[in-house]
Enquirer: 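Have a look at this one before I ask anything.
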Amino acid sequence: MKKWLSNFGPGILVTAAFIGPGTVTVCILAGVKFGYSLLWAMLLSVAFCLVLQEMSARLGLVTQKGLGEVIGTLFTNKVLRWSIISLVFMAIFIGNAAYEAGNISGGVLGLEIVIPDTTITFWNLELNYLSPLIGLFAFGILISGNYKIIEKGLITLVIGMSLCFLGTVILLKPDLAAIFSGFVPHFNESQILAIVALIGTTVVPYNLFLHAAVIKEKWKNTTDIHFVRRDTIIAIVLGGLVSLAIIICGAALEGQEVSNATDLARSLEPLFGTNAKYIIALGLFAAGITSAITAPLATAYVVSGCLGWSPNLKAWRFRWIWILVLLSGVLFSSLGIKPILIIQFAQVANGIVLPFVAILLVWLMNQKEILGNYTNTLAQNVLAILVVCITLFLGARSIGLVFF
């Protein structure tokens with residue numbers, strides 16, 4: 001068991017990153033509005049995530065470089081190289097700086113369920129004091145510069161979050177036959193946006209950079225490929241189970257007025273009493289804090305890789321990148337500012353970057369001079385192309401939401 005656990009870790013960063021407050025909210029709303037009928041869409045999104053993340057992890061293991069580093073050194077044409085780097089920089093750095101406020105606010109929302117008064121007045125400003133506290137918690141884990149501490153901290157938080165939501169499903173005692181029927185694909189026009197949202201909140205562009213970059217912190221030899229794949233599958237399937245559990249929790253309240261996790265906690269009180277709010281509060285706090293840690297970390301890996309800097313957790317250039325992202329999140333969250341224009345810009349940038357990175361990744365995975373015998377098989381390419389088509393649709397949808 002100890003040996004098995006020692007070969008488990010990097011994949012959990014991906015799980016921690018994609019199950020944030022946004023995922024919790026999207027899954028709750030899917031359950032409340034459509035019951036169990038979109039469970040198949042969540043399962044499909046997990047499969048898409050597995051295809052892309054396995055390729056990213058394999059690239060990281062074989063090259064011992066992050067995806068950002070590979071991109072930064074692959075193109076010799078300076079105009080093309082800096083165009084690609086600029087696009088990735090805008091999407092990941094600026095995007096994550098904007099979304100970090102949502103991650104921290106999600107953690108705050110979880111704590112506010114059990115802590116009634118969380119604001120203080122400072123220089124005539126209403127400040128939420130929980131935001132800096134969550135920021136300090138994330139800072140403490142990241143500043144350690146020790147990958148094992150970061151990994152173990154996230155494993156603990158993800159396991160806690162998983163127990164909360166999976167435990168809630170067990171206590172709900174849902175109709176198993178109805179749940180199984182939800183895995184049969186069927187949908188109508190009113191569900192299309194919800195389906196796209198479920199896939200979009202699971203297949204996250206910066207996770208492709210993060211996963212490839214952290215693999216070398218754990219494994220150095222291609223002989224460890226089976227450990228890498230097992231870790232990836234277990235971690236992402238666990239994340240998928242948590243997402244499915246959240247949808248099932250929402251489905252138990254189908255037809256009720258539930259718009260976020262706080263409403264979910266209140267709505268579950270008739271079933272679980274006052275304990276409901278503690279279960280949901282812990283789950284939402286864990287979802288917020290894990291994403292609040294991984295978003296700055298991923299940004300630092302991406303920017304360092306693209307600019308040719310050392311992706312060393314203890315290097316100050318690396319640290320200043322994640323510190324800037326974390327500080328922006330704390331500031332926006334504390335003041336209650338909604339950086340709409342920045343988020344809209346980030347959505348457009350991500351809408352371009354997600355399909356672009358997916359296409360670039362598939363191309364890289366077929367380059368024998370880079371991967372040798374670890375290039376994609378025909379079956380992997382077929383699956384990858386299918387996922388690329390979906391990411392193109394997601395990208396167009398993200399851009400369309402901003403402009404239309």
Side-chain angles (χ1 to χ4, degrees), residues 1-20 46 48-70 92 96 138 141-142 144-162 202-242 286-287 289-302 304-305 310-314 318 322 357 361 364-365 371 374:
M1 174 64 93
K2 186 176 180 181
K3 184 179 179 181
W4 185 84
L5 287 173
S6 67
N7 285 296
F8 181 68
I12 209 71
L13 271 72
V14 176
T15 303
F18 81 72
I19 303 186
V46 171
F48 289 162
C49 185
L50 269 173
V51 171
L52 290 178
Q53 295 300 156
E54 187 279 333
M55 291 194 296
S56 173
R58 187 162 23 111
L59 180 72
L61 178 69
V62 176
T63 65
Q64 287 294 293
K65 293 179 180 179
L67 185 52
E69 291 174 85
V70 175
I92 305 298
N96 281 356
I141 291 178
L142 289 169
S144 68
N146 187 318
Y147 174 77
K148 289 185 178 180
I149 291 176
I150 296 171
E151 182 184 88
K152 287 178 181 177
L154 289 172
I155 288 173
T156 302
L157 288 166
V158 168
I159 289 174
M161 174 175 59
S162 304
T202 308
V203 184
V204 184
Y206 78 73
N207 270 346
L208 299 175
F209 290 88
L210 177 63
H211 204 178
V214 297
I215 286 293
K216 64 178 179 291
E217 303 282 353
K218 189 84 172 182
W219 294 293
K220 303 292 184 184
N221 301 310
T222 53
T223 53
D224 293 322
I225 186 69
H226 60 289
F227 291 126
V228 172
R229 284 176 171 151
R230 184 175 65 183
D231 172 61
T232 302
I233 292 169
I234 291 173
I236 293 175
V237 168
L238 175 62
L241 287 174
V242 172
I289 195 67
T290 52
S291 292
I293 292 169
T294 52
L297 183 64
T299 307
Y301 273 119
V302 171
S304 296
S310 170
N312 187 328
L313 288 166
K314 294 184 178 180
F318 185 93
W322 64 252
V357 172
L361 181 60
L364 287 171
M365 300 310 295
L371 293 168
Y374 293 92

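FYI, side chains are in, hydrogens and waters are out, and symmetry mates aren't considered; it's all heavy atoms of this structure. Here, residue 1 is the first one in the sequence, and each next residue gets the next number.
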Enquirer: T232 and A57: which non-hydrogen atoms are nearest, and at how many Å?
Expert: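 Nearest heavy atoms, T232 then A57: OG1-CB, 4.0 Å.
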Enquirer: Testing the basics here: between D231 and G11, what is the closest heavy-atom pair and its distance to 0.1 Å?
Expert: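 It is OD2-N, 2.6 Å.
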Enquirer: May I ask you to test the I19-T290 pair for a side-chain heavy-atom distance under 4.5 Å?
Expert: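 A side-chain contact under 4.5 Å is absent here.
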Enquirer: Mind checking the CZ-CD1 spacing from F227 to I215? Nearest 0.5 Å is all I need.
Expert: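 With rounding to 0.5 Å, CZ (F227) is 13.0 Å from CD1 (I215).
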Enquirer: Could you tell me which residues satisfy side chain to side chain contact (heavy atoms under 4.5 Å, CB included) with V357, sequence neighbours excluded, listed by chain and number?
Expert: L67, L208, F209, V353
Enquirer: Indicate every side-chain donor-acceptor pair of residues 153-162 with a distance under 3.5 Å to a residue at least two apart or in another chain.
Expert:
| residue | atom | partner | partner atom | Å |
| --- | --- | --- | --- | --- |
| T156 | OG1 | K152 | O | 2.9 |
| S162 | OG | V158 | O | 2.7 |

Enquirer: Any chance you could measure T294, atom OG1, to I289, atom CD1, to the nearest 0.5 Å?
Expert: 10.0 Å
Enquirer: If you compare all heavy atoms of E151 against all heavy atoms of I12, which two are closest, and at what distance to 0.1 Å?
Expert: O-CG2, 4.4 Å
Enquirer: Could you work out, with side chain to side chain donor-acceptor pair (under 3.5 Å) as the rule, every residue matching T299, not counting sequence neighbours?
Expert: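 Testing T299 for side chain to side chain donor-acceptor pair (under 3.5 Å), a comparison that skips the adjacent residues, returns N96.
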Enquirer: Does a side-chain heavy-atom distance below 4.5 Å link Y147 with P10?
Expert: yes
Enquirer: Determine the minimum heavy-atom distance between W219 and Q64, stating which atoms define it.
Expert: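 It is O-NE2, 3.1 Å.
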Enquirer: Just jot down the ring pair (Phe, Tyr, Trp, His ring centres under 6.0 Å) partners of F18, sequence neighbours excluded, or say none.
Expert: none
Enquirer: First locate atom CD1 of I141, then atom CD1 of I293, and finally report the distance between them rounded to the nearest 0.5 Å.
Expert: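 So the gap between those two atoms works out to 3.5 Å.
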Enquirer: With sequence neighbours excluded, what pairs up with E54 under the side chain to side chain donor-acceptor pair (under 3.5 Å) test?
Expert: R58, R229
Enquirer: For the side chain of S56 and the backbone of L52, is there at least one donor-acceptor N/O pair under 3.5 Å apart?
Expert: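 Not a single qualifying donor-acceptor pair exists.
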Enquirer: Indicate the atoms forming the closest heavy-atom contact of N221 with L61, along with that distance.
Expert: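 Shortest heavy-atom contact: O-CD1, 3.4 Å.
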Enquirer: Measure the acute angle between the ring planes of F318 and Y301, then classify it against the limits of 30° and 60° as parallel, tilted or perpendicular.
Expert: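 Perpendicular, since the angle between the ring planes exceeds 60°.
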Enquirer: When you measure from the side chain of E217 to the backbone N and O of V214, does any donor-acceptor pair fall under 3.5 Å?
Expert: no
Enquirer: With the side chain counted from C-beta on, respond yes when N146 and L313 share a heavy-atom pair under 4.5 Å apart, and no when they do not.
Expert: no
Enquirer: Just checking K148: does its NZ atom have more than 12 heavy atoms from other residues, nucleotides or ligands closer to it than 6.0 angstrom?
Expert: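 No, not enclosed.
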Enquirer: Restricting to non-hydrogen atoms, name the atom on S304 and the atom on A300 that form the minimum distance, rounded to 0.1 Å.
Expert: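 Minimum heavy-atom separation between S304 and A300: OG-O, 2.8 Å.
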Enquirer: Identify, with sequence neighbours excluded, every residue that meets salt bridge (Lys or Arg N to Asp or Glu O under 4.0 Å) alongside K65.
Expert: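 Scan of K65 (salt bridge (Lys or Arg N to Asp or Glu O under 4.0 Å), adjacent residues dropped) gives none.
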Enquirer: Mind checking whether L13 and L297 have side chains closer than 4.5 Å, heavy atoms only?
Expert: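 In short, these two side chains touch, coming nearer than 4.5 Å.
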Enquirer: Nearest 0.5 Å, please: how far is CD in Q53 from CD1 in I233?
Expert: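 One finds 12.5 Å between CD1 of I233 and CD of Q53.
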